[in-house]
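Heads up, the thing below is written out as C-alpha cells.
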There are 2 protein chains.
Amino acid sequence: MRKILAVTKAFADENRLRILAALEHGERCVCEITELLELAPATVSKHLSQLYHAGLVDSRKEGRWVYYRLADEDPSPAARDAIAWILNSLRDDPVVRSDAERLAQIDRTEKALPPCPVPPRG
Amino acid sequence: MRKILAVTKAFADENRLRILAALEHGERCVCEITELLELAPATVSKHLSQLYHAGLVDSRKEGRWVYYRLADEDPSPAARDAIAWILNSLRDDPVVRSDAERLAQIDRTEKALPPCPVPPRG
DNA sequence: TCGATAATTCGTTGTATGCCGAAATGTAGC
DNA sequence: GCTACATTTCGGCATACAACGAATTATCGA
C-alpha cells in the first residue's frame, strides 16, 4: 500500500503531471522543466524528488546538469503500468499539449545554438 | 486537467483506495464501509463524496441506506480506465486482501440474519 | 582560485486536507 | 407526532504539502 500511495500521491499534483508528460518523449534537465513550469528551481527539484522516490523517473548527472527521464530500466511493473495509465490520461489535455509545443521550441533553440541549455557564451 | 486531477487526488488517500477496492465486487452502504474502515461516518461520507465528484463511484438510495458502487453506467472512458488501473494495482495489497475477508464476513452475517445491515430488531 | 551556473537542502509560510463531534436532513416504525 | 437510525453538512483542529528565498554543494570556464 505504501508504494501504491507513493505513486498516487505523486500523481495528485498538476505540476508533477506536467513533468511526467514533458518527459514522455525524452529526458530533460531540471532547468528546462523549471523554465517550462515557471516555478522556482527549489520547487521543481522537490517535485522531481517525489517522482523519483515513487519510482516513476530516473536521473543522470552530466556536468552541471541533471537529466531526468521516465523510469525505463528496472521498471517495476507497477511503475510501468502507472506511467502508461497517466500518460494516456493526459494525452488530450490542453495544458499538456501546450507544454509539448513549448518543449519543441526549447529543442529547436538548443539545436540552433551550440550545446545544452543556456550555452556558455552565446 | 481538472478532471484528471480530481481522479488522481481521489486516489491519493489510503482510505479512499480501500473503499474502491471494497466496491470491486458489489455495492456497499455507507455504514458497511464505515465499519470496515473504523472511521467516523462523517469522514466516510466525505471520502465517498470525493470519489463521486471524481466520477469514480455512483450511489443509490434505498430507504435509510445509501449504497455506493463503482461507476459502471455512463462510465466516462477516463473513469473506466482509472478504475481498472487502480484496482489492478491494489490487487495484491495485504490491506485490501484483509478488507476483502472482513467484507465476506459482513456478507455472511447479513445473509444469516434477515435483511440489510443492522437489522431492525434482531 | 574565483565567479557563474545548476541543482539540492533547509527553514518558513500559506493553503489544502483528513479527521472528528455536533447539528441538520431524511426515512422507517411505533 | 415521536423515536431511532443512516447519512450528510458544518465548524473546528491538526497535519500535510506546495511554494518560495536563502544557504549549500558541485561543476565549468576564465
Side-chain angles (χ1 to χ4, degrees), chain A residues 1-2 5-19 27-54 57-69 106 110 113-122, chain B residues 1-2 5-19 27-54 57-69 106 110 113-122:
Chain A
M1 180 64 83
R2 245 183 88 227
L5 274 175
V7 170
T8 58
K9 283 173 185 282
F11 285 170
D13 177 88
E14 171 165 358
N15 289 316
R16 284 193 293 272
L17 295 186
R18 291 174 68 188
I19 290 173
E27 64 183 10
R28 295 283 172 183
C29 71
V30 180
C31 58
E32 287 172 316
I33 300 170
T34 301
E35 184 185 346
L36 176 71
L37 300 182
E38 299 180 286
L39 292 175
T43 305
V44 172
S45 183
K46 195 160 190 203
H47 282 315
L48 288 165
S49 172
Q50 282 179 77
L51 292 171
Y52 176 79
H53 285 105
V57 302
D58 285 325
S59 67
R60 164 179 80 85
K61 182 162 186 173
E62 181 177 326
R64 272 177 281 186
W65 298 283
V66 175
Y67 288 88
Y68 282 83
R69 64 182 181 281
I106 290 175
E110 282 179 22
L113 301 178
C116 267
V118 188
R121 276 191 324 123
Chain B
M1 181 62 85
R2 246 183 87 226
L5 273 175
V7 170
T8 58
K9 282 174 185 282
F11 284 168
D13 177 87
E14 170 164 358
N15 288 317
R16 284 193 294 271
L17 294 186
R18 290 175 68 189
I19 291 173
E27 64 183 11
R28 296 283 172 183
C29 71
V30 180
C31 57
E32 286 172 315
I33 300 170
T34 300
E35 185 186 344
L36 176 71
L37 300 183
E38 298 180 288
L39 292 175
T43 305
V44 173
S45 182
K46 197 158 189 206
H47 281 314
L48 288 165
S49 173
Q50 281 178 79
L51 292 171
Y52 176 79
H53 284 105
V57 303
D58 285 326
S59 67
R60 164 180 81 85
K61 182 162 187 174
E62 181 176 326
R64 272 177 284 186
W65 297 283
V66 176
Y67 289 88
Y68 282 84
R69 64 182 181 283
I106 291 175
E110 282 180 23
L113 302 178
C116 266
V118 187
R121 277 188 325 124

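Quick note on labels: first sequence line is chain A, next is B, and so on, each numbered from 1.
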Please answer whether the main-chain N or O of Phe11(A) pairs with a side-chain N or O of Thr8(B) as donor and acceptor at a distance below 3.5 Å.
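Yes; judged by distance alone, with no hydrogens or angles, the pair exists.
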For [X] and [N], what is the distance between atoms [atom1] and [atom2] respectively, to the nearest whole Å?
X        : N       : atom1 : atom2 : answer
Ile19(A) : dA18(D) : CD1   : P     : 11 Å
Arg64(B) : dT27(C) : CZ    : P     : 12 Å
Leu51(A) : dT8(C)  : CG    : P     : 12 Å
Tyr67(B) : dT8(D)  : OH    : P     : 13 Å
Lys61(B) : dT8(D)  : NZ    : C1'   : 10 Å
Arg28(B) : dT7(D)  : CZ    : P     : 13 Å
Ile33(A) : dA6(C)  : CD1   : P     : 14 Å
Glu38(B) : dC20(C) : CD    : P     : 11 Å

Given [N], is OP1 or OP2 found less than 4.0 Å from the side-chain N or O atoms of [X]?
X        : N       : answer
Thr43(A) : dC20(D) : yes
His47(B) : dC19(C) : yes
Tyr68(A) : dT8(C)  : yes
Ser45(A) : dT8(C)  : yes

Range-with-range stems for DNA chain D, at least three Watson-Crick or G-U pairs under 3.5 Å:
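Listed by first number, the stems are C:1-30 with D:1-30.
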Table please: side-chain donor-acceptor pairs of residues 38-52 of chain B below 3.5 Å, with sequence neighbours left out.
unit_1, atom_1, unit_2, atom_2, d
His47(B), ND1, Arg16(B), NH1, 3.1
Ser49(B), OG, His53(B), ND1, 3.4
Gln50(B), OE1, Arg16(B), NH1, 3.2

Closest nucleotide among dC20(C), dT7(D), dT8(C) to the Pro41(A) side chain:
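Side chain of Pro41(A) sits closest to dT8(C).
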Determine the contact category for Leu48(A): base if any of its heavy atoms lies under 4.0 Å from a base atom, sugar-phosphate if only primed atoms, P, OP1 or OP2 are that close, otherwise nothing.
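Contact class for Leu48(A): none.
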Classify the nucleic acid contact of Tyr52(B) as base, sugar-phosphate or nothing, counting any heavy atom under 4.0 Å across all strands shown.
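Touches nothing.
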Report yes if some heavy atom in the side chain of Val30(A) is under 4.5 Å from a heavy atom in the side chain of Ile33(A); otherwise report no.
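Val30(A) does not reach Ile33(A) side chain to side chain.
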Spacing of [atom1] belonging to [X] relative to [atom2] belonging to [Y], to within rounding of 0.5 Å:
X        : Y        : atom1 : atom2 : value
Tyr67(B) : Glu32(B) : OH    : CD    : 6.5 Å
Glu14(A) : Leu37(A) : CD    : CG    : 9.0 Å
Arg18(A) : Asp13(A) : CZ    : CG    : 10.5 Å
Cys31(B) : Arg64(B) : SG    : CZ    : 10.5 Å

Listed in order of residue number, which residues of residues 5-17 of chain A have a non-hydrogen atom at under 4.0 Å from DNA chain D?
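Result for residues 5-17 of chain A: Lys9(A), Asp13(A), Asn15(A), Arg16(A), sorted by number.
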Review item, nucleotides 10-12 of chain C N/O atoms under 3.5 Å of protein N/O:
none

Give me the atom names and distance for the closest heavy-atom approach of Ala6(A) to Ala54(A).
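Heavy-atom minimum between the residues: O-CB, 3.6 Å.
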Closest nucleotide of DNA chain D for Gly63(A) versus for Gln50(A): which of these residues is on the 5' side?
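Whichever sits nearer the 5' end wins; that is Gln50(A).
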side-chain hydrogen bond (donor to acceptor under 3.5 Å, both in side chains) against Glu27(A), all qualifying residues, sequence neighbours excluded:
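For Glu27(A) the side-chain hydrogen bond (donor to acceptor under 3.5 Å, both in side chains) partners, ignoring immediate neighbours, are Arg60(A).
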